[in-house]
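Below: the structure, in structure tokens.
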Amino acid sequence: MKSRPVLALAGGVGGAKLALGLSRILSPQQLTIVVNTGDDETFHGLHVSPDLDTVMYTLSGLANPETGWGLAGDAFAANSMLKRYGVPAWFNLGDKDIGTHLRRTELLNAGWTLSQVTAELCFRLGVRHPVVPMSDGRVATMVNTDQGSLPFQDYFVRLRCEPVAHDIEFRGTPPPSPAFVEALEGAGAIIYCPSNPFLSIAPILSLPGVRERIASFRGPRIAVSPIVGGQALRGPAAKLMGELGFDVSCAGVASWYRGICDTLVMDRADEGKKDAVAAFGLRPEVAGTVMVTDDDKTALARCVLELADEGAGT
Ligand code: FO1
């Protein structure tokens with residue numbers, strides 16, 4: 001994508017990895033990373049934006065390499081103290097991480113938008129590529145389960161995705177953030193990072209006008225499957241897919257992306273699923289999608305960008 005910028009849509013850890021790879025190849029003018037905020041939650045009076053922070057920490061080189069979320073070398077003294085006070089502190093906020101949430105909350109309370117706050121935090125951490133919340137308004141991802149309707153972090157962290165899900169709901173219909181709208185209008189290609197489609201990409205698409213804009217987008221739209229060999233690389237994507245009635249495979253991912261995506265990048269392990277993916281109208285492309293090292297992330301990003309260049313020329 002030499003001319004028009006790339007718009008990458010991302011959730012947490014998997015999305016951040018590809019976003020890092022893209023940021024190593026593209027300049028800040030050539031890439032906008034729009035991030036899911038349906039997982040945002042208020043803990044102990046603080047506004048926590050886990051996916052924004054995961055992308056921001058990853059791009060600044062500060063992320064915890066073991067978990068993928070939170071900060072490397074963080075401690076949890078404040079969280080332990082909350083537990084001593086009898087506060088339900090199951091969402092593990094690190095001591096340094098709390099500094100981020102304090103600053104975000106302070107600026108939001110002072111009237112800044114989430115976009116402005118995120119730009120400020122990124123600037124201070126040396127992140128030069130635009131990391132943009134999907135919206136400045138609130139969308140709450142709710143997982144409707146056999147144990148009732150659960151806010152995302154309750155389902156994901158407190159209950160470790162154990163409840164059986166039958167539906168996912170996005171409460172709130174604020175407009176997409178200004179930078180997201182601008183990126184949608186100016187993009188030369190759209191890349192869906194290998195994030196959970198149901199929990200990370202769907203909230204972005206749920207914003208007014210976004211799905212329609214992407215459906216009628218003229219440039220290449222490329223998704224990277226987060227399902228490899230019938231399993232999620234991390235998180236509950238595979239379990240959820242099964243519970244929601246999808247085939248737990250990259251073909252199931254292709255069926256979900258039908259109409260809003262042209263090419264699905266699937267792992268070499270799934271070579272045999274090419275026809276099943278093509279049956280949903282997506283062009284199957286095989287690559288190494290398991291990103292362990294930074295070189296893996298850059299290699300996958302390069303592959304995706306080459307596909308975008310090919311698509312732009314067709
Ligand atoms: N994930 C967990 O599994 N357990 C946690 O205690 C936890 C704490 C946490 C704190 C800050 C943050 O930015 C992310 C955190 N996450 C934790 C990850 C987060 O729940 C998910 O990765 C995303 O919301 C899904 O992308």
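Just follow the structure's listing: the first ligand is 1, and inside any ligand the first atom is 1. Numbering starts at 1 and runs along the sequence shown.
Annotation: ring pair (Phe, Tyr, Trp, His ring centres under 6.0 Å) contacts involving residues 13-65, sequence neighbours excluded, comprise F43-W90, F43-F91.
For a heavy-atom separation below 4.0 Å, the residues in contact with ligand 1 are G12, D39, P50, D51, W69, W90, F91, N92, L93, D97, F152, Q153, F156, V157.
Side-chain N or O atoms of T37 include none that pairs as donor or acceptor with a backbone N or O of D40 at under 3.5 Å. Judged by distance alone, the side chain of K297 and the main-chain N or O of M291 form no donor-acceptor pair under 3.5 Å.
More than 12 heavy atoms of other residues, nucleotides or ligands shown are found within 6.0 angstrom of CD on E120.
In terms of the side-chain contact (heavy atoms from CB on, under 4.5 Å) criterion, residue partners of P151 (sequence neighbours excluded) are, by chain and number, E41, M142, D154. Under the side-chain contact (heavy atoms from CB on, under 4.5 Å) criterion, T42 pairs with no residue, sequence neighbours left out.
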